[in-house]
Amino acid sequence: MSEVEVKGLAKRFGRNIVVEDVSFQVKDGEFFVLLGPSGGGKTTILRMISGLEPPTRGTVWIDHQDITKQPPHIRNVGVVFQDLGLYPHMDVYNNIAYGLEVRKVSKEEIGKRITEAANKLELKPILNRSIEDLSGGERQRVALARALVKSADVYLFDEPLSNLDPPLRLQARQEMVMVHNLKKKPTVYVTHDQAEAFAIAHRMAVIVKGKILQTGTPTELFRKPVSLFVAQFIGTPRMNILDVDIVHSDPRYSLIGEGIYFTLPSRWTKTLKDRKLTRVKLGIRPDAIIPEWAFSELDHSEYFLTCGQIIRLEARVGETSVWLKIGTMSEILAVFETQKDVYLQVGQIINIGIHREQIYLFDPKTELSLWPSE
Ligand SMILES: Nc1ncnc2c1ncn2[C@@H]1O[C@H](COP(=O)(O)OP(=O)(O)OP(=O)(O)O)[C@@H](O)[C@H]1O
């Protein structure tokens with residue numbers, strides 16, 4: 001059993017605090033993703049776990065042992081960084097072997113492990129090639145093989161796929177998940193690509209400006225974002241946000257805004273009464289908007305109804321993005337399944353429905369999520 005845990009981790013470079021009070025735990029066999037925009041401190045966290053950067057505060061634990069003061073070569077951590085860290089003057093075989101030689105693994109054992117890894121990652125034909133002659137995808141597989149031959153307690157990946165084209169990226173991602181499944185060790189993976197995070201994470205943390213905003217499974221973060229930032233960061237296309245007034249029309253509360261008059265289900269009454277808010281930010285995911293031609297299949301009482309004028313259209317295979325003006329000024333994006341017998345055009349006015357249980361409300365000042373009573 002291995003487990004990696006960071007407790008109250010902080011890092012300051014000069015006056016700049018780049019990681020602030022970060023804590024998380026990754027269990028054996030778990031794939032944990034640190035997701036966040038560039039410059040948020042994700043790489044610095046991995047560098048602190050691997051021992052390349054000493055924390056200003058906080059501790060790093062592997063297998064319930066505090067290893068914060070251990071030098072990097074003592075820590076049994078397998079790392080694949082963004083630049084892959086391959087030695088350009090060495091061939092593929094020696095790049096993979098190097099870390100094992102440093103650890104005094106016998107030549108025989110090294111040969112055995114490399115053959116195994118080369119078979120799994122299809123590297124056999126290029127074992128004697130120089131790193132300089134390899135494509136981006138091949139280099140990426142060499143870096144993975146280097147992690148695979150190591151019997152590490154923890155694996156760390158820092159955007160290892162960022163230099164690859166989309167098709168290669170998908171293949172490399174599958175190879176990486178394969179390495180993880182073979183090793184069944186805790187893995188921490190850094191990315192700023194939320195679609196990638198969703199595809200591979202068991203659990204993930206959204207990290208911005210050195211702080212974790214939320215930790216949970218991809219579904220938890222999608223369904224129950226703690227704030228407007230997380231709600232818009234997770235899910236493509238981004239959640240629509242509209243500023244609306246709150247009106248108390250006893251016994252219920254209603255949302256009133258540009259083209260909007262929604263009477264909220266009674267579950268919201270307590271939350272809105274307690275908060276005494278007069279305005280909120282209303283969040284609607286583009287795929288939660290139902291077009292009029294799908295109305296017959298739905299129970300109207302479950303939906304808020306309004307209408308919008310199409311201002312832009314973008315058709316893709318199987319779905320169409322439709323930008324709608326509602327009221328005189330507000331604009332929202334809806335994504336509809338493309339229908340053979342429905343012709344849409346700019347300027348057209350259509351009716352839309354929004355499921356009552358699929359709206360999000362945010363406090364306009366703190367931008368934290370508001371939730372109805374269960
Ligand atoms: N050695 C250093 N000295 C000074 N500042 C640093 C150092 N390393 C990182 N930083 C700063 O710390 C901040 C966080 O950087 P970090 O690379 O950890 O973020 P990141 O979330 O991994 O970003 P990216 O996705 O772009 O790699 C950045 O502002 C960066 O400039």
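Computed from a predicted structure; not experimentally measured. In each ligand, atom 1 is the first atom listed, and ligand 1 is the first ligand listed.
- Residue G36 comes nearest to K42 through the heavy atom pair O-NZ, 3.0 Å, listed as atom of the first residue, atom of the second, then distance.
- Counting only residues at least two apart or in different chains, side chain to side chain donor-acceptor pair (under 3.5 Å) contacts with residues 356-373 comprise R267-E357.
- Listed as neighbours of ligand 1 are F13, V18, P37, S38, G39, G40, G41, K42, T43, T44, E159, each bearing a heavy atom under 4.0 Å from the ligand.
- Pairs of residues two or more places apart, or lying in two chains, that qualify as salt bridge (charged side-chain N to carboxylate O under 4.0 Å, His left out) and include a residue from residues 200-210 are E30-R203.
- Side-chain contact between K11 and R47: absent, with no pair of heavy atoms (C-beta onward) separated by less than 4.5 Å.
- Classification of the H202-F31 ring pair by plane angle, with boundaries at 30° and 60°, yields perpendicular.
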Atom pairs and distances, donor-acceptor, side-chain atoms in residues 17-25, under 3.5 Å, two or more places apart:
unit_1	atom_1	unit_2	atom_2	d
S23	OG	G8	N	2.8
Q25	OE1	K27	NZ	3.1
Q25	NE2	E3	OE2	3.1

